[in-house]
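Got a structure for you, written out below as structure tokens; questions coming shortly.
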Number of protein chains: 2
Amino acid sequence: MAKFTKTDNCKNCIDCNKKIPLFQLLSKAELTELNTSRYEVKFKAGETIFKQGTSATHLLILTSGLAKFYVEGVQEKQLIIRIIKPWEIVGQASLYFDNRHHYSIAALDDCTACFIEIGSFKKMIRQNPSFAEDFITQCTQKGVFSYEKMVSLSQKQMHGRIADGILYLSKKIYESNKFSLHLSRQDIADLTGMSKDSAIRILKEFHHEGIIELDGKNLNVLNVEQLERISETG
Amino acid sequence: MAKFTKTDNCKNCIDCNKKIPLFQLLSKAELTELNTSRYEVKFKAGETIFKQGTSATHLLILTSGLAKFYVEGVQEKQLIIRIIKPWEIVGQASLYFDNRHHYSIAALDDCTACFIEIGSFKKMIRQNPSFAEDFITQCTQKGVFSYEKMVSLSQKQMHGRIADGILYLSKKIYESNKFSLHLSRQDIADLTGMSKDSAIRILKEFHHEGIIELDGKNLNVLNVEQLERISETG
DNA sequence: AATACAAATCGACATTTGTCAACAAAAAAC
DNA sequence: GTTTTTTGTTGACAAATGTCGATTTGTATT
């Protein structure tokens with residue numbers, strides 16, 4: 001079980017101000033108010049942070065570590081929608097809907113998570129229009145991202161989907177061509193909607209063709225352009 | 001080309017009040033203000049209402065007819081995300097993002113469309129917190145819908161996807177077990193992420209098994225429970 | 001009614017993808 | 001350091017799905 005601990009990552013919401021663009025729109029008084037309702041918990045790699053179907057009372061912000069955001073599909077299969085990085089606000093989907101988590105989140109790494117009570121967050125939305133606007137912007141961006149993901153999952157063949165997955169990790173998550181993966185092969189399969197065996201096969205193929213260099217968890221993208229070409233042609 | 005016409009469907013935004021829940025949160029003054037920036041256009045079946053990639057200056061509300069909301073994927077293929085009915089507000093995704101349409105909308109039927117200028121809509125969001133909240137609710141609902149769609153597209157086999165498609169049309173769009181389809185077989189394929197030939201095959205199969213009755217465009221869902229079972233098992 | 005054209009249908013076949021079993025490698029537990 | 005367990009890897013095969021061409025049906029036009 002996760003330990004309930006105060007950490008040094010984020011002593012106070014007023015500090016978060018610097019890390020989270022959305023919070024820069026809040027006054028010091030508002031940040032102080034958010035701070036009173038927040039608490040922080042540490043999770044070990046593999047632990048579940050949010051479980052699909054449970055009730056949603058708090059929003060989540062990671063202050064360290066990485067997590068996977070996934071939905072539980074048919075026959076125990078997971079579909080990883082995206083990877084969660086520090087300073088991203090997670091939980092919008094449940095905010096005004098039915099107060100249920102419609103997805104699960106699990107730590108890929110040792111994580112520190114800050115939880116913000118939904119009520120106080122909603123209050124900010126009501127009283128601070130700029131905050132509301134920025135929040136809506138984030139929701140709509142996620143919408144566009146979803147459409148692209150649907151196209152990838154439903155219209156591209158395995159090579160295209162793996163290319164999309166690698167490009168996503170490289171550009172959006174690790175922001176580097178060379179990185180040490182937090183995902184297992186099964187996770188990569190769940191991210192790209194295929195069987196683990198197929199994911200391994202395509203990764204190996206890319207490796208042999210010199211598009212990537214993959215040794216265990218160490219991934220090095222050698223030819224971004226070709227990955228992008230594969231992504232576009234499907 | 002679409003004719004620019006005033007119609008009787010929606011003479012005034014103040015009437016829309018009755019049809020669109022979101023608009024019930026607006027004061028008469030606010031509705032009047034929205035009304036000044038709106039205009040109405042008729043589209044014939046097949047015409048494009050929004051084209052992916054063009055700039056988004058207005059939100060759309062159908063006052064009559066049906067339309068398909070789709071993204072243009074790889075190799076000219078379309079992925080139909082959902083069907084648009086009258087009194088639903090469309091265009092959120094572009095509102096605060098980059099003012100581009102990230103999807104296309106085409107009339108499936110003769111349609112009457114009401115266009116609301118984005119600026120005046122944004123003003124309502126800033127000045128009316130309840131309006132903003134309700135709007136956010138809609139965005140988050142769409143998010144949850146997207147996750148379910150991704151699971152359907154990526155984890156279910158053709159039978160499950162066709163079942164999902166039929167259930168969606170029956171429950172959400174036509175709100176009846178028996179209806180006259182506005183979609184072509186190709187559209188059904190684009191909605192469920194498969195080839196036209198495969199869609200036809202599965203539909204025929206369902207027909208022969210007595211799950212549905214399908215004659216041309218006339219669809220009658222005979223066994224909802226079985227469709228739901230097929231949807232769940234994938 | 002005759003024609004033209006698009007949509008729907010179907011079977012045969014090719015390709016893609018998943019499954020399974022066996023094994024190797026790595027990590028965790030002892 | 002050894003054992004156990006998990007994770008990764010591979011090939012052979014089976015199942016799912018797409019493609020193609022031929023044919024039929026339906027719809028619009030003359």
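These numbers were taken from a predicted model, which means no experiment stands behind them. Letters go in sequence order (proteins before strands), and every chain restarts at 1.
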- Task: Kindly say if B/Ser198 contacts the phosphate of D/dG18, meaning a side-chain N or O under 4.0 Å from OP1 or OP2.
- Result: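 Indeed, a polar side-chain atom of B/Ser198 lies that close.
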- Task: Would you kindly compare A/Gly193 and A/Asp215 by the position of their nearest DNA chain C nucleotide and give the one closer to the 5′ end?
- Result: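 In this pair, the answer is A/Gly193.
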- Write down the distance between NE2 (A/His159) and C1' (C/dT17), rounded to a whole number of angstrom.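 Rounded to whole Å, this separation is 11 Å.
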- Provide, to the nearest angstrom, the distance between the CD1 atom belonging to A/Ile202 and the P atom belonging to C/dT16.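 To the nearest whole Å, that distance equals 10 Å.
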- Is the closest basic N to carboxylate O distance between B/Arg82 and B/Glu88 below 4.0 Å?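 B/Glu88 and B/Arg82: salt-bridged.
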- Message: Could you tell me how far apart A/Leu181 (CG) and D/dT7 (P) are, to the nearest whole angstrom?
- Response: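 Result: 15 Å.
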- Task: Please check if the side chain of A/Ser231 supplies one atom and the backbone of A/Gly160 the other of a donor-acceptor pair under 3.5 Å.
- Result: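 Not at all, since once roles are kept as given, no pair shorter than 3.5 Å links the two residues.
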- Using the benzene-type ring in the case of Trp, are the ring centres of A/His58 and A/Phe50 under 6.0 Å apart? no
- Query: Could you go step by step and tell me if B/Glu205 and B/His159 meet the side-chain hydrogen bond (donor to acceptor under 3.5 Å, both in side chains) rule?
  - Reply: CA-CA 9 Å; B/Glu205 224 175 287; B/His159 291 80; 2.7 Å; yes
- Ignoring hydrogens and geometry, is there a side-chain-to-backbone donor-acceptor pair from B/Thr192 to B/Ile188 under 3.5 Å? yes
- Item | Polar side-chain atom of A/His207 near backbone of A/Leu214 as donor-acceptor pair, under 3.5 Å | yes
- How would nucleotides 8-14 of chain C be written as a contact map, 5' to 3', with B for base contact, S for sugar-phosphate-only contact and - for no contact, using protein heavy atoms under 4.0 Å? SBBBB--
- B/Gln157 has an atom CD; how far is it from atom C1' of D/dG18, in whole Å?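 In whole Å, D/dG18 C1' and B/Gln157 CD are 15 Å from each other.
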- Item | Distance in angstrom units between B/Leu153 CG and C/dT17 P, rounded | 15 Å
- Nearest-Å distance, CD (B/Glu76) to P (D/dT19)? 14 Å
- Item | For atom CD of A/Gln155 and atom P of D/dT17, their distance in whole Å | 16 Å
- Item | Separation of atom CZ in A/Arg161 from atom P in D/dT17, rounded to whole Å | 12 Å
